[in-house]
Amino acid sequence: MMKMINDFRCGAGYVGIGLRKFYGNKSLWKFALLPLVIIFGLYMAVGAFAFTWVLPKLLGWVEGIELPSWLSWSAVLSQIVFALIFVMVFLFAVWITLGMLYEICGALIFDSLTEAFEKQHFGHEPDKKPWKKQLKFLLQSVYFSIKVFIIGIVMFLVSVFIPVVGHVLMYLVLGYYLGLSTLQGSASNHGIGAAELPKKVTSKSMVLGFGVTAFLLMLIPLVFVFLTPGLVIGGSMIFRGEFLSTKDTKEHEK
C-alpha cells in the first residue's frame, strides 16, 4: 500500500518536473510553438461558438419553458444550474477533442518536442521507422483514442447520475488514460506502440498520479494549452526513467 501511495506521489511530481524542464529550456520552445498555436486556436474557436451561440440558445429555450406561478422563483436557479452543467460538458468535450487530436496527429503535434528533449536529455536519437510500422503505430493510436472517447462518455454519464462517486471514478479512469497517452511519444521513439505500452508500465499508480494531477489541472480554463508541453516532457521522463528497460533499448537498436 505504501509503495502505491509513494508511486502515486512520484507520478504527480513529474507534472511539475516536466513543466520546469520545458519552460526552463528555451531551445525546446520552438518545437511546441506551432502545436500551442493550433491548440489555442481550437480552444478559443470552440469556446467562442459554445458560449456566444450554443449557450444563449439553450438558456433561451430554458427561459421559454412555462412554469406554474408557485415555481417561478426557480427559473433563475435552473438557468444557473444549466449553465454550470454546460460549462462542465464544454470542458469535458474540449479535453476529449484535443486529446483525440493529440493521439491521431501526434507526429504533427508534439512528437518533435519529445525527440528533441530525449536527444538533449538522454542522448537518444530516434531511428526512422519504416512506413508500415508508422502506419501500424498510427492505427493503434487511433484505436486507443476511440476507446478513450467511448470510456470518457460512459464515465461522464456515470458522474452525472452518481454525483460524488461518479466524479471520483471519472477522474481516476480518465486520468489514467491521460497519463498513458503522454507516454506514447517516448514509447514510439523506442519502437513501442500504443498496444504494447500498457505491458511496459510497471507501476499503474505512478501513471495514475501523473494523469489524475494533469486531468484536474486541465479542468481550469486555458491551462490545458500551456500545460500540454510539460506533460509531454513529464511523460517522456517517466517512460525513460521508470519503465524503459535495458532489454527494450537493445531490441530497438537491432
Stepwise side-chain hydrogen bond (donor to acceptor under 3.5 Å, both in side chains) test for Gln120 and Ser27
CA-CA 10 Å; Gln120 290 183 17; Ser27 65; 3.1 Å; yes

Verify same cluster id: [X], [Y] (apolar side-chain graph, 4.5 Å):
X: Val154; Y: Val164; answer: no
X: Ile162; Y: Leu169; answer: yes
X: Ile192; Y: Tyr143; answer: no
X: Val15; Y: Val201; answer: yes
X: Val168; Y: Met170; answer: yes

Show the numbers, then the answer: is there a side-chain contact (heavy atoms from CB on, under 4.5 Å) between Leu172 and Tyr176?
CA-CA 6 Å; Leu172 291 175; Tyr176 175 73; over 6 Å; no

Counting C-beta onward and ignoring hydrogens, is there a side-chain heavy-atom pair between [X] and [Y] closer than 4.5 Å?
X: Pro229; Y: Trp29; result: no
X: Glu242; Y: Thr202; result: no
X: Val148; Y: Ser181; result: no

Run the numbers on His190 and Arg240 for side-chain contact (heavy atoms from CB on, under 4.5 Å), then give the verdict.
CA-CA 10 Å; His190 296 274; Arg240 282 294 307 241; 3.1 Å; yes

Atom [atom1] of [X] and atom [atom2] of [Y]: how far apart are they, to the nearest 0.5 Å?
X: Lys204; Y: Met4; atom1: NZ; atom2: CE; value: 10.5 Å
X: Met206; Y: Asn6; atom1: CE; atom2: CG; value: 9.5 Å
X: Cys10; Y: Ile17; atom1: SG; atom2: CD1; value: 7.0 Å
X: Leu231; Y: Phe210; atom1: CG; atom2: CZ; value: 5.0 Å
X: Leu180; Y: Lys200; atom1: CG; atom2: NZ; value: 14.0 Å
X: Leu28; Y: Phe117; atom1: CG; atom2: CZ; value: 7.5 Å

Taking every non-hydrogen atom, the tightest pair across Ala194 and Phe144:
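Scanning both residues, the minimum pair turns out to be CB-CB, 4.4 Å.
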
If only atom types and distance count, is the side chain of Ser188 paired as donor or acceptor with the main-chain N or O of Gln184 below 3.5 Å?
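Not confirmed, Ser188 side chain does not pair with Gln184 backbone.
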
Return yes if some donor-acceptor pair links the side-chain N/O of Ser236 with the main-chain N/O of Val232 below 3.5 Å, else return no.
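No; zero donor-acceptor contacts below 3.5 Å.
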
Please identify each residue that fulfils ring-ring contact (aromatic ring centres under 6.0 Å, His included) with Tyr171, with sequence neighbours left out.
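ring-ring contact (aromatic ring centres under 6.0 Å, His included) list for Tyr171, sorted by chain: Phe215.
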
Salt bridge (Lys or Arg N to Asp or Glu O under 4.0 Å): which pairs involve residues 14-34, sequence neighbours left out?
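Every candidate salt bridge (Lys or Arg N to Asp or Glu O under 4.0 Å) pair involving residues 14-34 fails, so no pair, neighbours aside, qualifies.
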
Show me the pairs that pass salt bridge (Lys or Arg N to Asp or Glu O under 4.0 Å) and involve residues 1-18, at least two apart or across chains.
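Counting only pairs at least two positions apart or across chains, the salt bridge (Lys or Arg N to Asp or Glu O under 4.0 Å) contacts touching residues 1-18 are Lys3-Asp7.
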
Please assess Ser186 against Glu118 for the test side-chain hydrogen bond (donor to acceptor under 3.5 Å, both in side chains), listing each intermediate value before the final yes or no.
CA-CA 8 Å; Ser186 183; Glu118 291 200 347; 2.4 Å; yes

Tyr14 and Thr213: CA distance, side-chain angles, deciding distance, side-chain contact (heavy atoms from CB on, under 4.5 Å) verdict:
CA-CA 10 Å; Tyr14 270 109; Thr213 303; over 6 Å; no

